[in-house]
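Take a look at the structure set out below.
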Amino acid sequence: MNGEVATITVTGENLSRMQQKYSVVVTGCFGGVANQLYANGECSAFDCDDSQSRRTKKILMAIFIPIGFALVCVAASSLLRKRRRKTRAARRARV
């Protein structure tokens, strides 16, 4: 926009509550040297976008953390059963 100013007014009507959270989305080319987020010129907003890789990591963690927890629980249960069997066998051997 090269120094231009845009004023946006949002008026809520017919809401179910007096207050409601909302978002305003603005699209356009905001990348490049003029972008304040990347003022040192390292890259544009599009070149530095890593949201896909972060999303992939979150999805993988959401899948594998519960699976890992379940495996640990199964292993612990198996060890406890094995220990109980040994204890019962030792008690029977004493009798």
Side-chain angles (χ1 to χ4, degrees):
M1 290 171 62
N2 295 333
E4 296 177 22
V5 177
T7 302
I8 300 171
T9 304
V10 178
T11 304
E13 295 181 16
N14 197 18
L15 301 175
S16 60
R17 295 180 244 157
M18 289 297 294
Q19 294 181 349
Q20 183 171 334
K21 295 181 180 181
Y22 63 91
S23 300
V24 176
V25 178
V26 180
T27 62
C29 184
F30 298 103
V33 178
N35 188 341
Q36 295 299 316
L37 296 174
Y38 306 105
N40 61 3
E42 66 188 43
C43 59
S44 72
F46 302 107
D47 294 334
C48 290
D49 182 20
D50 65 342
S51 58
Q52 180 65 34
S53 65
R54 284 187 285 137
R55 180 177 177 205
T56 302
K57 288 177 186 177
K58 287 180 183 179
I59 291 171
L60 291 175
M61 286 187 344
I63 293 170
F64 289 111
I65 287 175
I67 290 173
F69 180 75
L71 289 174
V72 168
C73 289
V74 168
S77 175
S78 176
L79 289 173
L80 287 174
R81 287 182 192 163
K82 188 175 181 180
R83 187 176 289 171
R84 285 182 193 154
R85 284 187 211 137
K86 285 184 181 180
T87 304
R88 288 179 190 159
R91 287 181 189 164
R92 290 180 190 155
R94 289 182 201 161
V95 175

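Here the structure is a predicted model, which means the values were calculated and not measured. Heavy-atom basis, side chains included; hydrogens, waters and symmetry copies ignored.
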Checklist entry - Between R83 and L79, is any pair of side-chain heavy atoms under 4.5 Å apart? => result no
Checklist entry - Hey, any chance I67 and I59 share a hydrophobic cluster, counting ILVMFWY side chains that come within less than 4.5 Å of each other, even indirectly? => result yes
Next on the checklist: Checking the side chain of S78 only, and the main-chain atoms of V74 only, is there a donor and an acceptor separated by less than 3.5 Å?
Outcome noted: no
Checklist entry - Any chain of hydrophobic side-chain contacts (each under 4.5 Å) joining F69 to L60? => result no
Item to check | Interatomic distance, K82 atom NZ to S77 atom OG [nearest 0.5 angstrom] | outcome: 13.5 Å
Next on the checklist: If we ignore hydrogens and angles and just use 3.5 Å, is the side chain of T56 paired with the main-chain N or O of Q52 as donor and acceptor?
Outcome noted: yes
